[in-house]
Amino acid sequence: MRSVSTPFWKTGPIWRCHLRLSCQSWPPLLNPTMTASSAKQDALRSFAVESLPFNCQIGGGMRASQFFISTLKEAPAEAELISHKLMLRAGLIKRLGSGLYTWMPLGLRVLRKVENIVREEMNKSGAVELLMPAVQPAELWQESGRWDVFGPQMLKIKDRHQRDFCFGPTHEEVITDIARREIKSYRQLPLNLYQIQTKFRDEIRPRFGVMRGREFLMKDGYSFHISYADLEREYRNMYDTYCRIFTRLGLQFRAVAADTGAIGGTGSHEFHVLADSGEDAIAFCPASDYAANVELAEAVAPAGVGAGAMVAMEKKATPGKTKCEDVAAFLGLPLTQTVKAIAVMAEKEGGNEFVLLLLRGDHDLNEIKAQKVLGELRFARDDEIVDALGCKAGYIGAVGFSGRVVADRSVAVMSDCVCGANEEGYHLTGVNFGRDLPQPGTVADIRNVVEGDPSPDGRGALELCRGIEVGHIFQLRTKYAEALKCTFLDEQGKDQVMEMGCYGIGVSRIVGAAIEQGHDERGIIFPDTIAPFTVAVVPMNYAKSEAVRTAAAALHAELLAAGIDAILDDRDERPGSMFADWELIGIPHRVVVGERGLKEGKLEYKGRSDAEATMVTATEMTTFLKQKLCG
RNA sequence: CGGGGUGUGGCGCAGCCCGGUAGCGCGCUUGCUUUGGGAGCAAGAUGUCGAGAGUUCGAAUCCCUCCACCCCGACCA
């Protein structure tokens, strides 16, 4: 709120400081008598040319001495995640407040490259770009009913007349308002509008740098249709477009069937960048296109039924063995033959009901699934367990228990299993449903899927991985169109509610996700398509060797002419520190220009992930690099 | 919001228990030497010790209040 209520002119000293800084960037214009080395003047000249507005962020050549590079040897203590640490160390971002980051020049180049790829592919798909206000009046949100529903995640602000506004966390309301005002006829449909814009969500806990910032850059698109069939067609078009975008970004990703969550509507897919640090667990089937969030993935019963009862039930002493793993090891039986009983209290009219949930020893409870069966529930307290079973947790089981039992599908097909004896220090072996205890009252899917489970589509086994959600597409259907009366006249001249889809991409999050996926002990490894610069030209002994200076400048110019985004490191740093910088920053290709190689007419090439450098004839370097960049 | 933790120069940290001169490494500035993997020597600059109130002759250190930030949980691009 402080930033909102403090007028910018009261931040005078900072403001003036910026002015002074920018003046210093322009000495050739303001102070022509300034003295500088010829190399530096050269650099300033090229900086001035490249700084013209029509040649803005991407493209154009750059010299390292004039670019704002600030790398750190040690990562600030605030960062935990590898991508966050590397972004801070490489100087791509600086933190202003919790979940608020400045994109430094180097980082902004990456962000803009991601943004441009998203924009190009969206344009190719037939979507049309527009830009909506970040600040939105409360009335629209009240009309859709979300002013109160959205909750504290929405930053609400007041203007000088005490009128309510919010800093847009999303734009369904605004776009639907545009559509209802501007679209009158079926002839104007379908239409897909998108924007790339800053959103603000007052996250409960911002973390991981730009991966979960409060202010972030998002591509959000919205489509309008005369029929559900046409929405489905466009949804498929966006699905394909998203696949092209993430492929071009050089990311390993997966489209995942998703819940529709708070935004509502039916059909929905999330796009996840695969990374071990991802916040979401994903189950997928390599043999088919099945993929789902682990919380949602259906755990089907193992194929076939168990072998049937082979042995008699026996009570075995298992002193001190309370975990399934320990019991199985102690008895010399496989973990998959044990059954764990989890005691919960399910909410019921007129008090709670004590329920035993049965899971195979190697499986974990999925509380969301269990709640779908039992309603609201919590774990039972120790005293409640003793009351119901006469025994403390660790040795409990369903044998002799007369209350409600919910068994997971995979437990229902087990035989000769091991479970607690409801007596401290004892377990039962050879337990069979229908013989030693009644069949469970309810059989349901109440566990998380595990690696190797059959895919719900029956086409192979599931594998697990973790992912970072970078995109999400929804079929909104008529949720917002109805609330905001967004209608059109059909061919019969009848009023119809529009079908809508919405399609989001977390542009700034992609930068973090790409780094999670591409890094090593030396730093970031950017894909060619989004690296801040594609090639670093690194001269050895730049200040003293005219041959090196000439060759480096010539190569730099040649690369730029060939359309390759190259930076010339004219800082005359020591070689080790230049190498370390470019490796930390993640520039994918490096060319070293040194007197040693020049004597034989050669330059040294090294890809960011290559173990060894390659000598390349100087005259062939540009061709060589072009091939590298295509392949 | 619940739980855990941290605030000391640009970054990483020590000092706090046991009150008395604010310190180290990196970075920065200047000079000389060095120049194919984060150089060496020398000289320097940079701190309202997160803020406020209190105890005390004296507070980075003890007490109180507040703030900021980070980490673990429920939300989401």
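Just so we're on the same page: letters track the sequence lines, and every chain starts at 1.
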**Prompt:** Any stacking of A/Phe579 on B/G36, going by centres under 5.5 angstrom and planes within less than 30 degrees?
**Reply:** no
**Message:** Once salt bridge (charged side-chain N to carboxylate O under 4.0 Å, His left out) is applied, do any residues pair with A/Arg254, and if so which ones, sequence neighbours excluded?
**Reply:** none
Pull out every protein N or O sitting under 3.5 Å from an N or O of nucleotides 2-7 of chain B, one pair per line with the distance.
none

Donor-acceptor pairs are to be reported for all side-chain atoms of residues 86-95 of chain A against protein atoms at under 3.5 Å, with residues two or more places apart or in another chain.
unit_1, atom_1, unit_2, atom_2, d
A/Arg89, NE, A/Leu72, O, 2.9
A/Arg89, NE, A/Lys73, O, 3.4
A/Arg95, NE, A/Glu78, OE1, 3.3
A/Arg95, NE, A/Glu78, OE2, 3.4

**Prompt:** Can you name the ring-ring contact (aromatic ring centres under 6.0 Å, His included) partners of A/Phe271, sequence neighbours left out?
**Reply:** A/Tyr239, A/Tyr242, A/Phe246
**Complete:** Across all chains, not counting sequence neighbours, the ring-ring contact (aromatic ring centres under 6.0 Å, His included) partners of A/Trp582 are none
**Asked** Of all residues at least two apart in sequence or in a different chain, which pass the ring-ring contact (aromatic ring centres under 6.0 Å, His included) check with A/Tyr101?
**Response** A/His84
**Prompt:** Does A/Glu129 have any salt bridge (charged side-chain N to carboxylate O under 4.0 Å, His left out) partners at least two apart in sequence or in another chain, and if so, which?
**Reply:** A/Arg119
Review item, nucleotides 23-31 of chain B N/O atoms under 3.5 Å of protein N/O:
unit_1, atom_1, unit_2, atom_2, d
B/G25, N2, A/Glu74, OE1, 3.1

**Request:** Could I get the full list of salt bridge (charged side-chain N to carboxylate O under 4.0 Å, His left out) partners for A/Asp610, not counting sequence neighbours?
**Result:** none
**Item:** Close residues, residues 506-525 of chain A, relative to RNA chain B [heavy-atom separation under 4.0 Å]
**Value:** A/Gly506, A/Arg509, A/Arg522
**Complete:** The salt bridge (charged side-chain N to carboxylate O under 4.0 Å, His left out) partners of A/Lys124 (sequence neighbours excluded) come to A/Glu121
**Message:** Going by the rule ring-ring contact (aromatic ring centres under 6.0 Å, His included), which residues pair with A/Phe165 if we only count those two or more places apart in sequence or in a different chain?
**Reply:** none
